[in-house]
Amino acid sequence: MSQPADPDSAPVIELQQIGTRFGAHTVHEGLDLTVRRGEILGLAGGSGAGKSVLLREMILLQRPSAGHIRLFGQDVAGLDPAQALTLRRRWGVMFQRGGLFSALTVRANVGLPLREHSGLDDALIDEIAEWKLALTGLPPDAGLKLPGELSGGMLKRAALARAIALDPELLFLDEPTSGLDPASSAGVDELIVRTHALYGPTIVIVTHDLDLLWQVSSRVAVLGEGRVLALGTMDELSRNGHPIVSAYFTDRRGAPRRTPQGAG
């Protein structure tokens, strides 16, 4: 399990009084959340709680209806396109379904951020892409395949390799274990821990996978009723008395979800 980040360090993400509305439907209302530098923060909550919407707002794909978002100390509301692009280079995103271009090889997909944002020549970009793929545990020939030729677990690893292509300070992972069998999911758990140990990025994970959260998270924010209902370690949240939080951390038989060895 990841160790908690220094609470006194400057926050990487600050969300203040975020409101998100789509017509008459309210997703967030007065949501506050701070992500500390170097931590692995999980975003949990039931379907419709607004986890993916919040992720889209943090990576500047959509604007909230109200409130303020500060990334690396900058209020994103006043950014011009050039400033927003500079900021985006500081993070990587692993999308739920991979988000790889089907007509490009896996190696070309991983090298795409480098081609867009660096002046490196093609040979060096290919070399770096192959190195990133190797770091995620993929075999050497995986880079020459098309995304459609990979298994679900391999596709997740390739998507992560692309997300870390620019050695980002901040990494967003959207449902990194969804659709995977238990063995593949466990491999992704280990991969996230290894990536964090190697690069030390701040990581934000949107997930329904409680086992993943037990294994890797420093803290978890549970969303519901338009806001953050609870924030803490998994051990703290598993003992939280709020009815929505308590229900989320028990299975259909009412038994607590399992904890990793040594977690209490």
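Formation of a donor-acceptor pair under 3.5 Å by the E236 side chain with backbone atoms of T233 is found in this model. Side-chain atoms of K51 never come within 3.5 Å of backbone atoms of T207 as a donor-acceptor pair (strictly under, hydrogens ignored). S218 places no side-chain N or O within 3.5 Å of a backbone atom of L41 that could act as its donor or acceptor partner. E190 places no side-chain N or O within 3.5 Å of a backbone atom of G187 that could act as its donor or acceptor partner. For T195 (side chain) and L191 (main-chain N/O), a donor-acceptor pair under 3.5 Å exists by modelled atom type. Counting only distance, with no hydrogens or angles, the side chain of H28 and the backbone of G50 share a donor-acceptor pair below 3.5 Å. Formation of a donor-acceptor pair under 3.5 Å by the N109 side chain with backbone atoms of F101 is found in this model. With hydrogens and angles ignored, the 3.5 Å screen pairs no side-chain donor or acceptor of T105 with any backbone N or O of K145. The backbone N or O of V110 sits nowhere less than 3.5 Å from a side-chain atom of K132 that would complete a donor-acceptor pair.
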Next on the checklist: Set out, in order, the CA-CA distance, both residues' side-chain angles and the distance that settles salt bridge (charged side-chain N to carboxylate O under 4.0 Å, His left out) for E39 and R219, then state yes or no.
Outcome noted: CA-CA 8 Å; E39 76 173 329; R219 297 187 301 156; 2.8 Å; yes
Checklist entry - Going through the distances and angles, do V12 and E169 end up as a side chain to side chain contact (heavy atoms under 4.5 Å, CB included)? => result CA-CA 9 Å; V12 173; E169 302 168 61; over 6 Å; no
Next on the checklist: Applying side chain to side chain contact (heavy atoms under 4.5 Å, CB included) to R90 and L170, what does each step give before you reach the verdict?
Outcome noted: CA-CA 6 Å; R90 299 178 70 177; L170 175 59; over 6 Å; no
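Of all heavy-atom pairs spanning T136 and L133, the tightest one is OG1-O, 2.8 Å. For the residue pair G42 and L213, the shortest heavy atom distance occurs at CA-CD2, 3.8 Å. For the pair K156 and P176, the tightest heavy-atom approach, listed with the atom from each and the gap, is CD-O, 3.1 Å. Listed here is the closest heavy atom pair of S102 and L146: O-CD2, 3.7 Å.
With sequence neighbours excluded, the residues satisfying side-chain contact (heavy atoms from CB on, under 4.5 Å) with L155 are L100, P147, L150. For D126, the side-chain contact (heavy atoms from CB on, under 4.5 Å) partners two or more places apart in sequence, or in a different chain, are R107, R115. S184 is linked by a side-chain contact (heavy atoms from CB on, under 4.5 Å) to L180, D181, counting only residues two or more places apart in sequence or in another chain. For the salt bridge (charged side-chain N to carboxylate O under 4.0 Å, His left out) test, residues two or more places apart in sequence or in another chain that qualify with R239 are D235. Under the salt bridge (charged side-chain N to carboxylate O under 4.0 Å, His left out) criterion, D75 pairs with no residue at all, not counting sequence neighbours. Partners of A221 under the side-chain contact (heavy atoms from CB on, under 4.5 Å) rule, at least two apart in sequence or in another chain, are L33, L43, L223, V228, L231.
Other residues, nucleotides and ligands contribute only 12 or fewer heavy atoms inside 6.0 Å of the CZ atom of R63.
Taking 4.5 Å as the limit, some side-chain heavy atom of R21 sits within range of a side-chain heavy atom of E29. Looking only at side-chain heavy atoms (C-beta outward), Y199 and R194 stay at 4.5 Å or farther from each other.
Ring-plane geometry between W91 and F72 is classed as parallel, the angle between the planes falling under 30 degrees on a 0 to 90 degree scale with a further cut at 60.
No side-chain donor from either of Q17 and H68 sits under 3.5 Å from a side-chain acceptor of the other.
The only member of T20, I18, L61 that meets side-chain contact (heavy atoms from CB on, under 4.5 Å) when paired with V53 is T20.
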